[in-house]
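A short write-up of the structure that comes next.
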Amino acid sequence: MAATKPPQSFNPWDQTFVSNPYPAYAELRAHGRAHYYEPTNQWLVPHHADVSALVRDRRLGRTYRHRFTHEDFGRTAPPPEHEPFHVLNDHGMLDLEPPDHTRIRRLVSKAFTPRTVERLRPYVDRLASELVGELVAAGGGDLLTDVAEPLPVAVIAEMLGIPESERAQLRPWSADICGMYELSPSPQTARNAVRASVEFTEFLRELIAARRKEPGDDLISGLIAAYDEGDRLSEQEMISTCVLLLNAGHEATVNATVNGWWALFRHPEQLAALRADRGLVGTAVEELMRYDTPLQLFERWVLDEIEVDGTVIPRGSEVALLFGSANHDPAVFAEPEALDLSRGENPHISFSAGIHYCIGAPLARIELAASMGALLDQAPSLRLAAEPRRKPNFVIRGLEGLLVEV
């Protein structure tokens with residue numbers, strides 16, 4: 001079957017699309033199951049069944065370097081000036097494949113146990129309550145900077161054992177590095193990511209050296225001590241893992257919080273139902289993650305030829321798995337464009353799946369429920385103070401801010 005082109009409504013650089021990509025996704029799904037998108041040289045996959053299957057398919061990978069050189073794979077090596085970013089990014093388990101991925105994830109899992117996460121719940125609840133209390137005392141503010149950002153940043157920094165006095169730069173470093181995950185990042189975005197990679201790496205190298213001398217009850221000390229059958233993390237793997245845990249450990253939570261509350265303000269009947277029944281918090285967190293997905297797209301390399309609905313996608317191609325579209329597929333979700341906080345059957349794919357399923361998903365759920373519960377308890381009359389602006393990004397979906405008043 002010949003490759004189909006996506007409809008013109010799919011345009012990641014058009015702000016009308018970025019503000020609300022879901023109608024374009026519906027057109028994309030109606031046009032077929034795999035579309036070649038020339039501007040980014042990618043294959044777009046919009047249906048839930050295909051996204052769910054391919055994210056688990058071992059014929060696809062987050063990298064190809066474990067099997068092929070750039071030349072063998074028909075790809076051009078990144079520019080030398082981008083090397084600090086790629087060294088940092090390419091040694092994290094999210095961008096590795098077995099056997100390295102298996103080894104690192106096994107070691108990280110030893111220090112990132114469910115008991116460790118559950119032990120953080122009182123800290124998360126207390127911090128969420130304090131942040132919301134300050135917001136309420138001020139009569140309102142920016143939900144993004146006052147609650148959504150400081151909560152997960154503080155939690156992951158606490159897990160890693162980063163002193164409070166040294167946490168201010170974590171969010172800016174993370175934002176600059178994550179800019180490289182957008183489609184066709186600009187030269188300035190790349191320069192910012194390289195600078196942040198160098199600074200973040202040096203910061204963590206010093207922190208790891210300090211923990212080697214004086215271990216503590218923190219994740220970095222746990223990573224230093226973790227081993228399995230003689231395997232250990234190299235220093236670069238440890239640095240890359242810490243950066244990954246910070247970036248992935250709060251980017252999605254920050255954006256899920258503000259995207260979620262913006263959705264609630266636009267659906268007052270659902271917000272009223274949530275205020276009337278706190279038992280909905282669990283399903284509300286899942287539904288808000290589905291309804292406005294924080295990570296819209298996840299890329300994979302085709303290591304061995306695949307076929308999607310008769311369309312052959314050759315080795316060397318890049319596939320863009322559209323999580324946002326999959327989460328609105330009517331074949332899986334009844335009335336997908338409706339926000340339903342009581343939705344029981346909700347197999348959203350916001351945390352990915354397969355070997356790269358988000359290791360921090362349980363912690364993200366605890367954080368989202370904690371901030372939502374604190375806002376419902378302490379700010380029952382919370383309302384929108386100004387129409388928010390979308391960030392211009394497509395892949396990582398969020399707001400510039402969310403001004404609220406009590």
Legend entry - D340 and S342 side chains, donor-acceptor separation under 3.5 Å: yes

Inset, instruction - Quick one: closest heavy-atom pair of V254 and A148, and the distance? - result: CG2-O, 3.4 Å

Legend entry - Smallest separation among heavy atoms of E97 and L60, with atom names: OE1-O, 4.3 Å

Legend entry - Separation between SG of C242 and CG of L233, rounded to the nearest 0.5 Å: 9.0 Å

Legend entry - N255 (side chain) donor-acceptor with E251 (main chain) under 3.5 angstrom: yes

Legend entry - Electrostatic pair R171-E149, nearest N-O below 4.0 angstrom: yes

Inset, instruction - Specify whether F17 and F10 have parallel, tilted or perpendicular ring planes, treating 30° as the upper limit for parallel and 60° as the lower limit for perpendicular. - result: perpendicular

Legend entry - Q169 side chain vs E166 backbone, donor-acceptor pair below 3.5 Å: no

Inset, instruction - Would you tell me whether E318 and W43 have side-chain atoms, one donor and one acceptor, within less than 3.5 Å of each other? - result: no

Legend entry - Distance flag, aromatic centroids of F394 and W13, threshold under 6.0 Å: no

Inset, instruction - Verify the distance criterion only: is there a donor paired with an acceptor across the side chains of Q378 and S129 at less than 3.5 Å? - result: yes

Inset, instruction - Answer yes or no: is there an ion pair linking R121 with E367, defined by an N-O contact shorter than 4.0 Å? - result: no

Inset, instruction - Tell me whether the guanidinium CZ or amine NZ of R290 lies under 6.0 angstrom from the six-membered ring centre of F333 and within 45° of its axis. - result: yes

Legend entry - E286 and Y291 side chains, donor-acceptor separation under 3.5 Å: no

Inset, instruction - Would you give the length of the straight line joining atom CG of L264 to atom CG of L271, rounded to the nearest 0.5 angstrom? - result: 5.5 Å

Legend entry - D304 and its side chain to side chain donor-acceptor pair (under 3.5 Å) partner, picked from R58, R67, R59: R67

Legend entry - Lys/Arg-Asp/Glu bridge criterion (N-O < 4.0 Å) met for R205, E235: yes

Inset, instruction - Please determine if R167 and E158 form a salt bridge, counting it only when a charged side-chain N lies under 4.0 Å from a carboxylate O. - result: yes

Legend entry - Polar contact flag, side-chain donor to acceptor under 3.5 angstrom, H70-R65: yes

Inset, instruction - Determine whether the aromatic ring centres of H101 and H66 lie less than 6.0 Å apart. - result: no

Legend entry - Other residues, nucleotides, ligands: >12 heavy atoms within 6.0 Å of Q188 CD: yes

Inset, instruction - Indicate whether the side chain of Q42 and that of T40 have a donor and an acceptor atom separated by less than 3.5 Å. - result: yes

Inset, instruction - Give a yes/no verdict on a cation-pi contact between R266 and W262, requiring under 6.0 Å between NZ or CZ and the six-membered ring centre and an angle within 45° of the axis. - result: yes

Inset, instruction - Answer yes or no: is there an ion pair linking E287 with R343, defined by an N-O contact shorter than 4.0 Å? - result: yes

Inset, instruction - Go through the side-chain N and O atoms of Y22 and N327 and say whether any donor and acceptor fall under 3.5 Å apart. - result: no

Legend entry - D72 and T69: side chain donor to acceptor below 3.5 Å: yes

Inset, instruction - Decide, yes or no, whether a salt bridge links E237 with R103 under the criterion of side-chain N to carboxylate O below 4.0 Å. - result: yes

Inset, instruction - Classify the side-chain pair S240/Q236 by whether it contains a donor and acceptor separated by less than 3.5 Å. - result: yes

Inset, instruction - For T16 and S19, test the side chains for any donor-to-acceptor distance below 3.5 angstrom and give the result as yes or no. - result: no

Legend entry - Criterion side-chain hydrogen bond (donor to acceptor under 3.5 Å, both in side chains) on D95 and T63, from CA distance to verdict: CA-CA 6 Å; D95 281 82; T63 183; over 6 Å; no

Inset, instruction - Calculate, to the nearest 0.5 Å, the distance between atoms CG and CD belonging to L204 and E206 respectively. - result: 9.5 Å

Inset, instruction - Specify the closest pair of heavy atoms between S317 and P314, including all atoms of both residues, with the distance to one decimal. - result: OG-O, 2.8 Å

Inset, instruction - Please step through side-chain hydrogen bond (donor to acceptor under 3.5 Å, both in side chains) for the pair D218 and S221, ending with a clear verdict. - result: CA-CA 5 Å; D218 57 72; S221 298; 3.1 Å; yes

Inset, instruction - May I ask you to say whether D292 pairs ionically with R390, meaning some side-chain N is under 4.0 Å from a carboxylate O? - result: yes

